[in-house]
Amino acid sequence: MKNLSTDAIRAFITVLELGGFTQAGEYLGRTQPAISMQIKKLEQNLGKSLLIRRGQSIEATKAGEAFRPYARQMLALNDEAVELFSQEMLAGKVRLGIPSEFASTLLPKIVGLFSQSHPNVTLEVTSDLSKNLLHERRRLEFDLILGLHPDPAQISSSDIVRLDELVWVTSADHDTHQQAPCPLIVAPEGCIYRARAVEQLTESGIPWRLVYTNPDLSGIRSAIEEGLGVTVLSKSTVPGNLKILKSSDRYPPLGKMAISLVKPQPSGGQAVDRLAEYLAASLN
């Protein structure tokens, strides 16, 4: 009988959830070659290829998709047994504040990995504008905040987990971006993306108009898909079915913003630290 390594299985699941070998290695504390070797051995044991690279992303093959639920079950049972006999079993509730655009892209990954590894920890998630989440009156409502900052110099470098490029985004099936004035789809006042878009268009002397405002990314995404206009997003959160516009005379460069992980409470505990590790690995 062949025995499958739980380390290799965890590498397989983590690569899929975080989107790459490098990200999985950073999260698991291993090098990228070590992760690749683990998955190669797993594929040799199963006699099937489990992962395939498509452009810059990693996807499961047909065999990989078939194996995924078994892999999750094996890891869940392994982690449950370890938790049961561990004197440092994580439990309790973690209050997470996260911007809506990152909630749509990160949470599906995080909830699966984190909840599977730590079933006794409850995640209480609040989605809002970074400005509101980080406000002095509200920040103590959370144990951990994922925040967006237009000026990296204004926050501690130790809190920054990533510098992300801001990009213009439009529908892949419409030519609305060619209209004048520039038709903007944005979140309400206080949104970093909205402020950066208006600032750059105004400074460049490019006429613009608001055609749609929605506080939720799903609403903005739907309006973009319908060809109503263009918006601004951080590059790492752009849905695969939308098109990133190259910088031009009509759409000037937007620069970068900082993404931080802030722990408002003096000592949030191990569960908070562990969730912060999950988020940092996903973002990197």
Side-chain angles (χ1 to χ4, degrees), residues 97-106 126-139 145-157 159-172 174-239 241-262 283:
I98 187 169
S100 62
E101 63 272 26
F102 283 87
S104 300
T105 55
L106 277 183
T126 299
S127 179
D128 202 343
L129 295 175
S130 290
K131 177 182 178 181
N132 298 332
L133 296 173
L134 294 167
H135 195 281
E136 186 176 349
R137 294 178 182 175
R138 290 193 60 192
R139 57 191 295 134
I145 301 173
L146 182 69
L148 309 181
H149 309 266
D151 185 0
Q154 294 180 349
I155 59 174
S156 170
S157 59
D159 290 333
I160 297 177
V161 292
R162 177 172 180 154
L163 291 176
D164 208 357
E165 182 183 357
L166 294 181
V167 293
W168 296 100
V169 179
T170 189
S171 167
H174 300 81
D175 59 359
T176 320
H177 60 283
Q178 297 180 6
Q179 294 180 4
C182 172
L184 281 183
I185 298 173
V186 290
E189 289 281 359
C191 172
I192 291 175
Y193 301 151
R194 171 178 176 150
R196 187 68 61 87
V198 170
E199 175 186 339
Q200 294 303 313
L201 289 173
T202 302
E203 287 185 359
S204 300
I206 300 170
W208 56 273
R209 61 189 177 95
L210 293 180
V211 296
Y212 187 78
T213 301
N214 194 303
D216 186 68
L217 178 62
S218 61
I220 292 176
R221 178 175 177 174
S222 296
I224 294 292
E225 290 172 347
E226 292 298 320
L228 298 185
V230 300
T231 194
V232 169
L233 292 174
S234 58
K235 194 171 184 178
S236 64
T237 67
V238 177
N241 65 329
L242 299 184
K243 181 172 67 175
I244 296 176
L245 294 172
K246 294 182 178 180
S247 298
S248 64
D249 292 340
R250 286 179 51 81
Y251 293 100
L254 295 161
K256 295 184 178 182
M257 68 168 186
I259 305 173
S260 72
L261 278 174
V262 179
L283 287 166

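Heavy atoms only: backbone and side chains are in, while hydrogens, waters and symmetry mates are out. Worth saying up front: this structure is predicted, and the values here are computed from it rather than measured.
Here the closest non-hydrogen pair linking Leu148 and Ser130 is N-OG, 3.0 Å. Contact detail for Pro215 and Pro188: the closest heavy-atom pair is CA-CD, 3.5 Å. Smallest separation of non-hydrogen atoms from Leu184 and Val198: CD1-CG2, 4.3 Å. Taking each heavy atom of His177 and Lys243 in turn, the nearest pair found is CE1-NZ, 3.8 Å. The shortest heavy-atom contact between Lys235 and Val167 is CA-CG2, 4.0 Å. Between His149 and Ile192 the shortest heavy-atom distance is N-CD1, 3.8 Å.
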Exercise for the section: Output, in order, the C-alpha distance, side-chain angles, deciding distance and verdict of side chain to side chain contact (heavy atoms under 4.5 Å, CB included) for Leu134 and Val262. Expected result: CA-CA 9 Å; Leu134 294 167; Val262 179; 4.2 Å; yes

Problem - Verdict with supporting geometry, Asp216 and Arg221, salt bridge (Lys or Arg N to Asp or Glu O under 4.0 Å) - result: CA-CA 9 Å; Asp216 186 68; Arg221 178 175 177 174; over 6 Å; no

Exercise for the section: Output, in order, the C-alpha distance, side-chain angles, deciding distance and verdict of side chain to side chain contact (heavy atoms under 4.5 Å, CB included) for Tyr251 and Val230. Expected result: CA-CA 10 Å; Tyr251 293 100; Val230 300; 3.8 Å; yes

Exercise for the section: Mind running side chain to side chain contact (heavy atoms under 4.5 Å, CB included) on Arg194 and Val232 for me, showing each step along the way? Expected result: CA-CA 7 Å; Arg194 171 178 176 150; Val232 169; over 6 Å; no

Practice task
Under the side chain to side chain donor-acceptor pair (under 3.5 Å) rule, what do Ser234 and Tyr193 come out as? Steps first, then yes or no, please.
Solution key: CA-CA 8 Å; Ser234 58; Tyr193 301 151; 3.2 Å; yes

Exercise for the section: Would you please test Arg162 and Met257 for side chain to side chain contact (heavy atoms under 4.5 Å, CB included) and show each step? Expected result: CA-CA 9 Å; Arg162 177 172 180 154; Met257 68 168 186; over 6 Å; no

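The 12-atom threshold is exceeded at CD of Glu203, counting heavy atoms of other residues, nucleotides or ligands nearer than 6.0 Å. Other residues, nucleotides and ligands place more than 12 heavy atoms under 6.0 Å from the CD atom of Glu199.
Summarising the geometry, atom CD1 belonging to Ile145 is positioned 5.5 Å from atom CZ belonging to Arg139; distances are rounded to the nearest 0.5 Å. Note that the CZ atom of Arg209 and the CG atom of Leu201 stand 13.0 Å from one another [nearest 0.5 Å]. Taking CD1 from Ile98 and OG1 from Thr126, the interatomic distance works out to 10.5 Å, rounded to the nearest 0.5 Å. The line from OG of Ser247 to CD of Gln200 is 9.5 Å long, rounded to the nearest 0.5 Å. To the nearest 0.5 Å, atoms CD1 (Ile220) and OG1 (Thr213) are separated by 8.0 Å. Considering CD1 of Ile224 and OG1 of Thr231, their distance stands at 5.0 Å, rounded to 0.5 Å.
Residues Asn132 and Arg138 meet the side-chain proximity criterion, which asks for heavy atoms closer than 4.5 Å. Contact of the Leu261 side chain with the Leu146 side chain is registered, since non-hydrogen atoms from C-beta on lie closer than 4.5 Å. Using a 4.5 Å cut-off on side-chain heavy atoms (C-beta onward), Val161 and Ser260 make no contact.
No donor-acceptor pair under 3.5 Å is formed between the side chain of His174 and the backbone N or O of Thr176. Checking side-chain atoms of Ser248 against main-chain N and O of Arg250 turns up a donor-acceptor pair under 3.5 Å. Checked by atom type and distance alone, the side chain of Arg196 pairs as donor or acceptor with a backbone atom of Leu254 at under 3.5 Å.
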